[in-house]
Visitor: 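Before we start, here is the structure in question, set down as structure tokens.
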Amino acid sequence: MEKYLIKKSANANTTTQPQGAITSNNSSGSSNASRPAAKHNSAVPELVDLNKLPRDPAKRKRMADYHPNQRDEIRRKYLIWGPNQPRKLEFPYREIGKKKKKRRFNPDWYDDYAYWLEYSEKEHKAYCLCCYLFRDNIKDSHHGHDAFVVEGFNCWNKTERFVTHVGDRNSFHNRALKDCEDLLKQDQSIPAAWNRQSQTEKNEHLIRLNAAIDVCRYLLHQGQPFRGHDESKDSENKGNYLELMDYTIKQNDVVAKAFKNAPNNNQMLSPKIQRDITECFAKEVLGHVMKEIGNGVFSLLVDECRDVSDKEQMAVVLRYLDKCGLVQEKFVGVVHVEETTASYLKSCIDLLFSQLGLNLEQVRGQGYDGASNMSGEFNGLQAKIMNENKSAYYVHCFAHKLNLVVVAIAKKIFEVGDFFDMVSVLLNVVGASCKRKDQLREHHQEEVRKAIGCGEIATGTGLNQELSLQRPDVESTKRELEKLRTNEGWDSLMKKVCCFCEKHDIPVLDMEDAYVNPKKPRQKTGISNEHYYRVDCFFAVLDLLGEEFNDIFNEVNSELLLCMPALSPSDLFCHFDKEKLLKLAKFYPDDFNHKDMVTLEHELGLYIDNILHDTRFSSLDRISDLAKLMVDTRKNLSYPLVYRLLKLALTLSVATATVERCFSAMKIVKNALRNKIGDDYLSHSLICFVEKELLDTITNEVIVDRFYKMKDCRGRNE
């Protein structure tokens, strides 16, 4: 609506201005007036892109060299940007005077002259923004302004020149400053059309916008499509957005009146409005996540998947510890990747991080699947990120590891492969028939009822469900594999097998009998059943498991995972080991310098003594519970280095299940009937659908404010 009203006012202004007068309209509204002049005067400059104007004052053209009908828009653009004031720049010294005293620009001067003082990184000189913008409009013989516009000022020892440049009330600078203020008056700016409306019109517009926000919120929360195949007035199904909006109008008289009085171009029903509101919701969700992360550390979880329109999509999830000490894994978007090479994926992540205001130096962990382009030790994505950040350790997804180990064993041990082939055939036979599936369900339900009746299974909400992944314990896993290879391990397994066979009326094989090869039953094998199943099968599988286990974990990952259990609070902190925790801290040199290491060693002793005497920590079992309780009891402030180490341990990911769930959500948001959704719109919709909890916390007032700012910004750029 703002854009439409601006164009109308621009046309009105051009019709009332005298011929040849210079107006303050935007380029789109005055381009028609500039064309006739171009036929008679070929020296008239061409129109420029306002978004490509140079920011450095030394690189700017003189204002008189721009198109006459675009000068005010250029001035307004520079005023909206504000003076070019780099603060983190290493300002060079300059030798001044006969004594060659070294002086340089002081960034504190920005605070004293915030509205006009700017600095050129190219020439290393100071300039005045206001005088530059209106230098050619003010008749004045005073030449002092040229030092801050044309030549630039670099006499850093003469700070009084800044005061001299400002001068008295009628000075050149102050007159230019007044022109800048007049240019930005409300009746001359982009939102003028909105401000010229009556209060009633504004209220009705706000009612329509709130109704549109409520409808969008509901559809985003449910992951439902907005558009319909036929959105005409006579259509029986105009799509979810329009149908839900019609229902809202029918149920609310205030909303109905606001829509009745609305002009046709301000109904808040267009697809563009729907996408803009969706983008506002997504930006607010991302803003909340970025605020929680701040300058802290996080782990990067990435996976790829092909969507319904055969586009390769890369989902990105960030794992971090929030201010309450809770582990959070937040989805921050999907990126359409045209290539799946490690270099291209790395460039996409860099671009996404720049948009979110993040830095690779904040990454303390990487979690991917086993694909070579992601997990490659030398040329994979994890290697390229570790080249820039040595503390961004890669841990293979534990959920994928189990699958990879099973596949590897099935390929190398034919008996195991035959077993899984038989299971696959059984699933196909049962799954192909609805009757067989019903019989299987009934049989399973009967078995569950019997088990509950005899007390084998306990009932209750959440029982027998793994709510969260435990932190991996490499050392204990290796010990368990070694125990299974002993006589006690084999005997324990045989007892379980015999119990299972007796329960299901399966004949038990005599392990002392000679083994008969089912493929060659007449050929004597010369070994017993026990030797075959124990040595050729069981031990072979255990040995291969150990090999695969060592191949998946490199030396650094193994050391990391071996040290982390020392933080566990289970069994009254019985696993606490100061040496392992100090060793763990050495893996993060960017977080623990030499001084921190000395302090940490002393702090660990105080920490464990205090924790053991605090009954509130006696019943903890998981590291995540420890982090939350430390925040609740404010011990994270008493032992900041210990909490920092705990934070790093929890930030390191062990599974990419959250990323997989995001792909499941993508199948709902982008389906076969909604396969033409754009990449940005898909990412925004997915962010809102996946992060529903954050979506529900965003108020309409926040979205209204962001929506108006978005429209205002776009209007200024048009």
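Bear in mind the structure is a predicted one, so any value in this text is a computation, not a measurement.
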Visitor: After noting the C-alpha distance and the side-chain angles of Phe353 and Phe298, does the key distance pass the ring pair (Phe, Tyr, Trp, His ring centres under 6.0 Å) rule?
Guide: CA-CA 12 Å; Phe353 274 22; Phe298 59 88; 5.8 Å; yes
Visitor: So do the side chains of Thr658 and Arg319 get within less than 4.5 Å of each other, counting heavy atoms only?
Guide: no
Visitor: Under 4.0 Å between a side-chain nitrogen and a carboxylate oxygen: does that hold for Lys291 and Asp322?
Guide: no
Visitor: Out of Ile698, Asn700, Thr699, which one pairs with Ile213 under the side chain to side chain contact (heavy atoms under 4.5 Å, CB included) rule?
Guide: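 So the option named by the test is Asn700.
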Visitor: Hey, is Lys692 close enough to Asp696 for a salt bridge, meaning N to O under 4.0 Å?
Guide: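 Answer for the salt bridge query: no.
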Visitor: Where do Arg55 and Trp81 come nearest, in terms of heavy atoms and distance?
Guide: CD-CE3, 3.1 Å
Visitor: Do the rings of Trp116 and His173 sit parallel, tilted or perpendicular, given the 30° and 60° boundaries?
Guide: perpendicular
Visitor: Tell me which one of Arg217, Lys709, Arg706 satisfies salt bridge (charged side-chain N to carboxylate O under 4.0 Å, His left out) with Glu284.
Guide: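 Exactly one candidate clears the test, Arg706.
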Visitor: Thinking salt bridges, do Lys283 and Glu279 make one under a 4.0 Å N-O criterion?
Guide: yes
Visitor: One thing to verify: whether Lys330 and Glu691 come together as a salt bridge, which I'm taking to mean a side-chain N less than 4.0 angstrom from a carboxylate O.
Guide: yes
Visitor: Under 3.5 Å, is there a donor-acceptor pair between the Lys670 and Ser309 side chains?
Guide: yes
Visitor: Nearest 0.5 angstrom please: Arg674 CZ to Leu682 CG, how far?
Guide: 8.5 Å
Visitor: For Asp276, is there an ion pair with Lys272 - N to carboxylate O distance below 4.0 angstrom?
Guide: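 The answer is yes: the pair qualifies as a salt bridge.
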Visitor: What I'd like to find out is whether the side chain of Asn84 reaches to under 4.5 Å of the side chain of Tyr127, using heavy atoms alone.
Guide: no
Visitor: Are Arg75 and Asp179 ion-paired here, with the side-chain N under 4.0 Å from a carboxylate O?
Guide: no
Visitor: Would you indicate whether the side-chain heavy atoms of Val332 and Met290 approach each other to under 4.5 Å?
Guide: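 Yes, close enough: below the 4.5 Å cut-off.
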Visitor: Are Leu318 and Glu329 close enough that some pair of their side-chain heavy atoms sits under 4.5 Å apart?
Guide: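 SC-SC contact between Leu318 and Glu329 ruled out.
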Visitor: Closer than 4.0 angstrom, basic N to acidic O: yes or no for Lys667 and Asp307?
Guide: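 Asp307 and Lys667: not salt-bridged.
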Visitor: Taking the side chain as C-beta and beyond, is there a heavy-atom pair between Cys128 and Leu117 under 4.5 Å?
Guide: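 Heavy-atom side-chain distance check fails, nothing below 4.5 Å.
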Visitor: Hey, are the side chains of Leu53 and Tyr66 touching, using non-hydrogen atoms and a 4.5 Å cut-off?
Guide: yes
Visitor: Quick one: do the Lys77 and Asn51 side chains pair a donor with an acceptor below 3.5 Å?
Guide: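 Yes, because at least one side-chain N or O of Lys77 sits under 3.5 Å from a partner of the opposite role on Asn51.
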Visitor: Between Lys178 and Glu181 (salt bridge meaning N to carboxylate O under 4.0 Å), is one present in this structure?
Guide: no
